[in-house]
Amino acid sequence: MASASAAVALEAVSKWYDNVPAIQDATLEVMPGEFMVLLGPSGCGKTTLLRLIAGLENPSQGVIRIGGRVVNDVDPKDRDVAMVFQSYALYPHMTVRRNIEFPLRSRHVPEQERNRLVEEVAGSLQLEKLLGRKPAQLSGGQRQRVALARAIVRRPLAFLMDEPLSNLDAQLRIEMRAELVELHAKLGITIIYVTHDQVEATTMGNRIAVIEGGRIQQVGTPQDIYQRPVNAFVAGFVGNPPMNIIEAKVELSGDVVNASFQGASFQLPADLATLLRKKEVSSVLVGVRPQDVSIVKEDTVGMGQLRAKVSLVESVGSVYRIICRLDGGGFVTVDAYRDKREIRTGDMVELSITGDMHLFDAASGERLEP
Amino acid sequence: MRAGANGSLDGTQRIGRFRNASWLKVMREAGLAYLWILPALAVFGVFVFFPLAKAVWLGFFKTPPFPNLPSHFVGVSQYASTLSSALFLHSLWRTILFVIFTVPTGIVLGLLLATLAHQRLAGIRIFRTIFSSTVATSTAVASVIFFTLLDPQVGLFSYWLGQRGGAGILANPTLALPAVSVVTVWQNIGFTFILMSAALQSVPDDLLEAARMDGASRWYRFRAVTVPLLSPTIFFASIVGIIGSFQAFGQIDLLTQGGPNNHTLVLIYYIYQAAYTDNNYGLAAVLSIALFAILFVLTLAQFWFFERRVFYVAAN
């Protein structure tokens, strides 16, 4: 089923804890040298998925392959994967050198070889001067690098990283993000990276697997996922600020298909209209990215207008983010507003959709696409 | 603070007044602190420091061989003669042997049981309860149980060890001290087990998982990760254990009374005999001070040693 060339492959993997499903029917292939991000909100099962690959948990069903070999019954130490923990899990009583060489000592690598490998990794991560220190004497970023060094020194087939940057402050996180991407490119390593932070996911990942409720919702490049989310969850989860999603009734009148909700109504593009006719969908979720909504006075695109009241104006650098409450209920975010006309909380405005519209079936949440 | 806020004062005046105020403040705080520790100090003074000083003083007097005769001052000579006597050195050696038999064995067994019970298994609580149950057993009860087990006629241990009949294990000069040690280890194991179990709970799971991913075998994980992280507890258990063994009295009094032929005459029992069998309070005082000095030095030495070897997890 899975292609033999995948570095890590999951085939219909499920995991239950006392009849509570944590992972359901997960199928995923990670190619050699790929930076795969498992993205999802907390409690979605992404860490469980990573631990299943690591061998720290056993799957209830399905097959896990690493380097083409079925590893379901293989001990973590023999799976040829290294893990970087959220807490870094550095051995507090050992020096940086002893921490980095721990995997080598465990595998009885001769001392000379050990020293050579440690020096090499320490050099590439700028840790040479810290080798004699204990973890307590290091900053967060340094600890992070030691944890990475400990994983790299073994030259494993794949790296598993569980939210490795979440304990760092914002500035350092951005730096470490760049460092990780650079390291990935330099060493050509396979990384499976768990995060709940979509900025990390979209900036670092070659591909992203979006996970929710123990199921993999969508796997694709960051562009794929952003531009063509397969369902309403992915649409709402990926993107900052999140996509505006409004539930609307489908109204057919002659050749025109309108989406309407509580008094407001706008015409849908022709190709979407055809699809809705064909599928006989009566209720849809209309998704629009905040940057695809404009504040207008007049109907500029001929799709009808939405009347709304400004409930919050946020300053984001040189532009404004405006959150409006629709007349018919629900909120719409307008991003990157840079008009000269000043807008204040409480103002009545008219909104117009100026960019792409995403349509999802209101019942199933699945994407509707021509 | 008020001086600093007062705009009409010039710099020097301000500093001068500030210094004065802070000195007063320090004094007031120190006075208050001493007041707070006064009750504790009083209790320690009456029940610890005074008896200690009194014991040192008693050691300077030779107790007469018959009651009702006045004891007379002999200075440090009683200390010198007692501490160099063959019986004292013999007793000290038996005490050291007793500590060696009981403390390391107790810690190793306690750690072993705690490790065995540190699993997610159905019914493991039953084992935890059994392993810690000796805490609730008094020395007297433990001694009576073992007295029966070691009995030359009906004792199970005597039967297993091929020591049936005769005077029995407790009357055997070679086996008496080990036998008393076994009772002591057994009785202390519950406490050590609880200590070690609690310490094992505090070893972070992700450290052990990291070690597992790093390829460490079960034994290497235990040796290189778990034990170093338990070292503060092991240190604590060893100090408490050594002090406890130096002061072990009940089991010796109930099982051997220091015999056979003084082979279980540990220091504390020697003191007891001097004071209450021989009514030689001078000698007992000297021995008590010696025991105190030994424990004091030992504790200092342990702190010195473990400061270098014990790892305390820094609070993040």
Side-chain angles (χ1 to χ4, degrees), chain A residues 17-18 47 50-51 53-57 74-95 98-109 134-140 143 146-147 149-156 158-164 167, chain B residues 107 111 114-115 118-125 195-196 198-238 302-316:
Chain A
Y17 294 105
D18 300 330
T47 296
L50 197 75
R51 292 171 62 85
I53 299 169
L56 296 171
E57 307 281 349
V74 176
D75 201 67
K77 71 174 163 44
D78 301 320
R79 291 194 178 198
D80 202 14
V81 292
M83 188 148 163
V84 177
F85 290 78
Q86 182 174 5
S87 64
Y88 316 139
L90 298 181
Y91 310 117
H93 55 292
M94 296 182 194
T95 60
R98 286 297 298 269
N99 263 286
I100 298 175
E101 71 177 6
F102 189 87
L104 305 176
R105 273 179 183 266
S106 301
R107 290 179 165 73
H108 310 291
V109 175
K134 295 262 177 81
Q137 298 164 293
L138 302 177
S139 69
R143 283 181 210 181
V146 176
R150 187 175 67 185
I152 292 169
V153 77
R154 294 166 43 182
R155 308 234 165 262
F159 290 82
L160 311 178
M161 303 190 179
D162 187 7
E163 308 237 9
N167 285 354
Chain B
I107 289 175
L111 187 53
T115 309
H118 188 65
Q119 331 244 357
R120 271 184 229 151
L121 279 180
I124 196 72
R125 275 154 194 261
L195 270 185
M196 295 299 164
L200 278 178
Q201 308 267 341
S202 71
V203 174
D205 283 342
D206 55 359
L207 279 189
L208 294 171
E209 286 181 345
R212 219 174 134 196
M213 297 292 302
D214 282 344
S217 64
R218 197 177 275 266
W219 168 242
Y220 191 57
R221 288 203 293 274
F222 182 72
R223 190 166 66 81
V225 180
T226 307
V227 170
L229 293 177
L230 293 185
S231 57
T233 307
I234 294 173
F235 172 51
F236 176 72
S238 72
Q302 278 178 317
F303 270 110
W304 178 84
F305 173 72
F306 280 103
E307 222 161 65
R308 281 153 186 76
R309 301 298 303 272
V310 170
F311 176 78
Y312 291 96
V313 182
N316 278 328

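What you see is a predicted model, and the numbers here were worked out from it, not measured in a lab. Below, chain A is the first sequence line, B the second, and so on; all start at residue 1.
When the salt bridge (charged side-chain N to carboxylate O under 4.0 Å, His left out) test is applied to A:Arg155, the partners found at least two apart in sequence or on another chain are A:Glu120. Residues satisfying the side chain to side chain donor-acceptor pair (under 3.5 Å) criterion with B:Ser202, sequence neighbours excluded, are absent altogether. Partners of B:Ala210 under the side-chain contact (heavy atoms from CB on, under 4.5 Å) rule, at least two apart in sequence or in another chain, are A:Phe85, A:Ala89, A:Tyr91, A:Arg150.
Within residues 216-225 of chain B, the residues approaching chain A closer than 4.5 Å by heavy atoms are, in numerical order, B:Ala216, B:Tyr220, B:Ala224, B:Val225.
Nearest heavy atom pair, residue B:Arg212 against residue A:Lys77, reads O-CB, 3.4 Å. Contact detail for A:Val146 and A:Asn99: the closest heavy-atom pair is CG1-CB, 4.2 Å.
In this structure a side-chain-to-backbone donor-acceptor pair under 3.5 Å is present from A:Gln137 to A:Lys134.
Contacts between A:Asp78 and chain B at a heavy-atom distance below 4.5 Å are absent for every atom of the residue. With a threshold of 4.5 angstrom between heavy atoms, A:Val81 approaches chain B through its backbone and through its side chain. In this structure, chain B has a heavy atom under 4.5 Å from the backbone of A:Leu90, while its side chain stays farther away. Heavy atoms closer than 4.5 Å to chain B are found in the side chain of A:Arg51, but not in its backbone.
With 3.5 Å as the limit, one finds no donor-acceptor pair spanning the side chains of B:Asp214 and A:Ser106.
Annotation: the span from A:Thr47 atom OG1 to A:Leu56 atom CG amounts to 11.5 Å, rounded to 0.5 Å.
Ranking A:Gln86, A:Arg79, A:Arg107, A:Met83 against chain B, the residue ahead of the rest is A:Arg107, based on heavy-atom pairs under 4.5 Å.
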